Amino acid sequence: MQHNLANNIPEYLARLNPEQAEAVETTDGPILVLAGAGTGKTRVLTTRIAHIISQNLAYPNQILSVTFTNKASREMKERVAGMLQRDVSGMWLGTFHSICAKILRRHAELLGFEQNFTILDADDQIRLLKKIMQDLKIDEKKWSPKVMMSIIQGLKDKGKKPEKVDSSYAGHIAEGRLAEIYATYQKRLKGMNSMDFGDLIMHCTNLFEEHSDVLALYHSYFKYILVDEYQDTNVVQYLWLRLLAQGSGNICCVGDDDQSIYSWRGAEIDNILRFEKDFANATIIKLEQNYRSTQNILSAASGLIAKNQGRLGKTLHSQGDKGNPVKVKFLWDGDEEAKFVAQEIESFNQIITAEKHKLSEFAVLVRAGFQTRAFEERFLTLNIPYKVVGGLRFYERAEIRDACAYIRVLMQPSNDLALERIINVPKRGIGKSSIEALYRNAREQGIPFYDSAVQMVQNKALATKARNELGELLGNFDRWRRMLNDVEHAEVVSLMLNQSGYIQMWKDEVQKEKSIEAQGRLENIDELVRAIGEFESLEDFLEHISLVMENEEANLSGEMVNIMTLHAAKGLEFDTVFLPGWEEGLFPHQRALDESGDGGLEEERRLAYVGITRARKNLFISHAANRRVYNQWQTSIPSRFLKDLPEDNVENMPSNLSIHSPSAQNASYSSYGTESREKSPLSQVPAGNGFSIGERVFHQKFGYGFINKMSGDNLEINFQHSGKKTLKTAYVEKV
DNA sequence: GGGTCCCCGTTTTTT
DNA sequence: ACGGGGACCC
């Protein structure tokens, strides 16, 4: 970018505000940058890296830069490379997990692992733990493997190895056998040469603690350490960072205590609150100049978050207009709420014509996943393109996990879980009893599941059908493995999935008319094979999917309204944001209150703060009087967070729920509570009555339109998306 | 090994 | 209400 690196005031610094510049130029010692929403956090981080490199303070490979998500690290890499116009691939830039994995592979033998250890995903973890609990005869009803797994995960997040599990804490869990279960789980993982995600950080921290020479090596590597989203770090990540920072002492953490919303998965807000105590002589810099939102939106956010006790405290300033007030709307129920949001989106593009409002600049941010349904239905009826961001990720889909399991068995035959997953997929007549026998044999001989299978086929120790089928499968795997020597690896995968009968299994599903999903699954598999072709080798590919694989198809970005959870929205911004469901019990969520008390309430409030600060120009907050929860109607009261919003920045929109004259469709809703209600308000409009030419109306299928002609109870309507139709008045509602 | 019935859980989610 | 998973039976 700048042409003269020797220049004392490089161009990139001139483009920062004083606080940002200070955060970039304070290169030495511990520094905490408290970066409020929209204050240019990423710009500071990337500029800081560029500064360090361009001032020759360090080579790229002497910088460690840690993020939480692959997306964040990818973006940072791109931006730094763009700023410097030079190769920065030598930088240690990645997620906590990928960097720990990289370090662990170099020193695996010191911890009793092999260099090519595999990384278990959440599903495999639970399956393994479940098996262990069965072996140990733990009552699965009382102590579900899922719950036990999250307890173990919690211990790992704190850096606690099994031998450090405090018996006073563990005493009441699983009949006092938590430490035993945990220890067995760790032993089994090591036996499989596997680690789970929590292990990556914990083992790496242990490596540093137990091998001072290794730690010294990394001290000599890392002159500068940068950490993004510091408020999201957990205890073991903090310990890991502290060990590394003992080297140069140059650690820069960027974060926002007000956006800490992940305590439930181990994030420790205390890390950021305590920074000054943890790192002596720390510099603290607050970034409070917001470049994103209008003053009304910022004031609303500031007023709300000020109600929290546990915070470092900062106030965002806008340099822009006051903007529109935050609009609050009260509605009858969730469907009405969806209707309201859709209507607002449509009117933005119809009534206001001066400015083009891109659909991708609208976002609906919900507290819980089930809320998306009402919006999807409404957008579908109105033909408003939308996408639900962050649904099932690509690699979590059954067919992708199956295909990956095949590849794992091919490459890592000792991966017991992978073989177990696909041994009878498609159905080969190798059922529960055969699998149990194979496991028993494996355990007795102390050999992997795969070797046990080879042995039992040879010994003719299984039922004939199972033996023949298993023999064929194992023979096939041998053949596919040999094929790798002279056939392109993606091609081998394709052949394997075909010859194993896996592809045929889904094709059969397509035939059976269960096809809607099956066809998609086949397409996903094609996509996977294509993606595999882009990797150097299958080893590379497996490492990638363990650590990084994301939903590639999310790239098909078009002009669509975004629907997502508040959590998924962190870090994003939109012109217009809708925050529905601000009702007690839903937001703040009852479970957060029940499980975490005041702390839980404060985290919910931070979540509200995150939601509000996503909006650049327009913010709509809504709440409904009635909501269906587990298919039961509940009346709800407005969220306490609404009262936290400063009155001056808020406008209450007129509500047709006022005391008198409920609108036509609300009339039939007069009975509250549990009674089943009309699915749609179709029949609630009096026939042949009350319509007039030019009136805007709504139809369940065709959406919004205007009345062209009327005769009797027939209406000719010009629909916005579906053209002219003639319909009976009974099927049309007023809007 | 596969079909059927019952019971549980149903906030947020990255790696 | 509803889906997934386990128990139970053939």
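In what follows, every chain begins at residue 1, and chains take the letters A, B, ... in the order their sequences are listed. In this text the structure is predicted, and so the values were computed from the model without any measurement.
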Using a heavy-atom cut-off of 4.0 Å across all strands, would you classify [X] as base, sugar-phosphate, or nothing?
X: Ile430(A); answer: sugar-phosphate
X: Ser144(A); answer: nothing
X: Gly369(A); answer: sugar-phosphate
X: Phe68(A); answer: sugar-phosphate
X: Glu595(A); answer: base

Does a side-chain N or O from [X] land closer than 4.0 Å to OP1 or OP2 of [N], or not?
X: Thr565(A); N: dT11(B); value: no
X: Thr95(A); N: dT14(B); value: no
X: Arg591(A); N: dT10(B); value: yes
X: Asn70(A); N: dT14(B); value: no
X: Ser546(A); N: dT15(B); value: no
X: Arg367(A); N: dT11(B); value: no

Would you mind telling me which residue lines up with the more 5' stretch of DNA chain B, Glu603(A) or Asn424(A), judged by nearest nucleotide?
->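 First, find each residue's nearest nucleotide; the 5'-ward one identifies Asn424(A).
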**OP:** Indicate the atoms forming the closest heavy-atom contact of Arg614(A) with Gly571(A), along with that distance.
**Re:**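 Scanning both residues, the minimum pair turns out to be NH1-N, 3.2 Å.
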Quick check: closest heavy atoms across Phe117(A) and Ala108(A), and the distance to 0.1 Å?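 For Phe117(A) and Ala108(A), the tightest heavy-atom pair comes out as CD2-CB, 4.3 Å.
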Checklist entry - Taking the six-membered ring for Trp, are the ring centroids of His107(A) and Tyr218(A) within less than 6.0 Å of each other? => result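 Centroid distance His107(A)-Tyr218(A): below 6.0 Å, so yes.
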Which nucleotide in the list dG2(B), dT11(B), dT13(B) gets nearest to the side chain of Lys427(A)?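 Nearest listed nucleotide: dG2(B).
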Atom pair distance, as rounded to whole Å: [atom1] in [X] and [atom2] in [N]:
X: Gln125(A); N: dT13(B); atom1: CD; atom2: C1'; value: 13 Å
X: Asp594(A); N: dT11(B); atom1: CG; atom2: P; value: 11 Å
X: Gln371(A); N: dT12(B); atom1: CD; atom2: C1'; value: 11 Å
X: Asp199(A); N: dT14(B); atom1: CG; atom2: P; value: 20 Å
X: Met202(A); N: dT15(B); atom1: CE; atom2: C1'; value: 15 Å
X: Tyr630(A); N: dG3(C); atom1: OH; atom2: C1'; value: 14 Å
X: Lys465(A); N: dG2(B); atom1: NZ; atom2: C1'; value: 13 Å
X: Leu365(A); N: dT13(B); atom1: CG; atom2: P; value: 12 Å

Please work out which of the three classes, parallel, tilted or perpendicular, describes the rings of Tyr262(A) and Trp264(A), given edges at 30° and 60°.
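Rings of Trp264(A) and Tyr262(A): tilted, as their planes differ by 30° to 60°.
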Task: Ring geometry between Phe113(A) and His203(A) (parallel below 30°, tilted from 30 to 60°, perpendicular above 60°) - done: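 His203(A) vs Phe113(A) ring planes: tilted.
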**Prompt:** Would you call Arg373(A) and Glu376(A) a salt bridge, taking side-chain N to carboxylate O under 4.0 Å as the test?
**Reply:**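 A salt bridge is absent here (no side-chain N lies under 4.0 Å from a carboxylate O).
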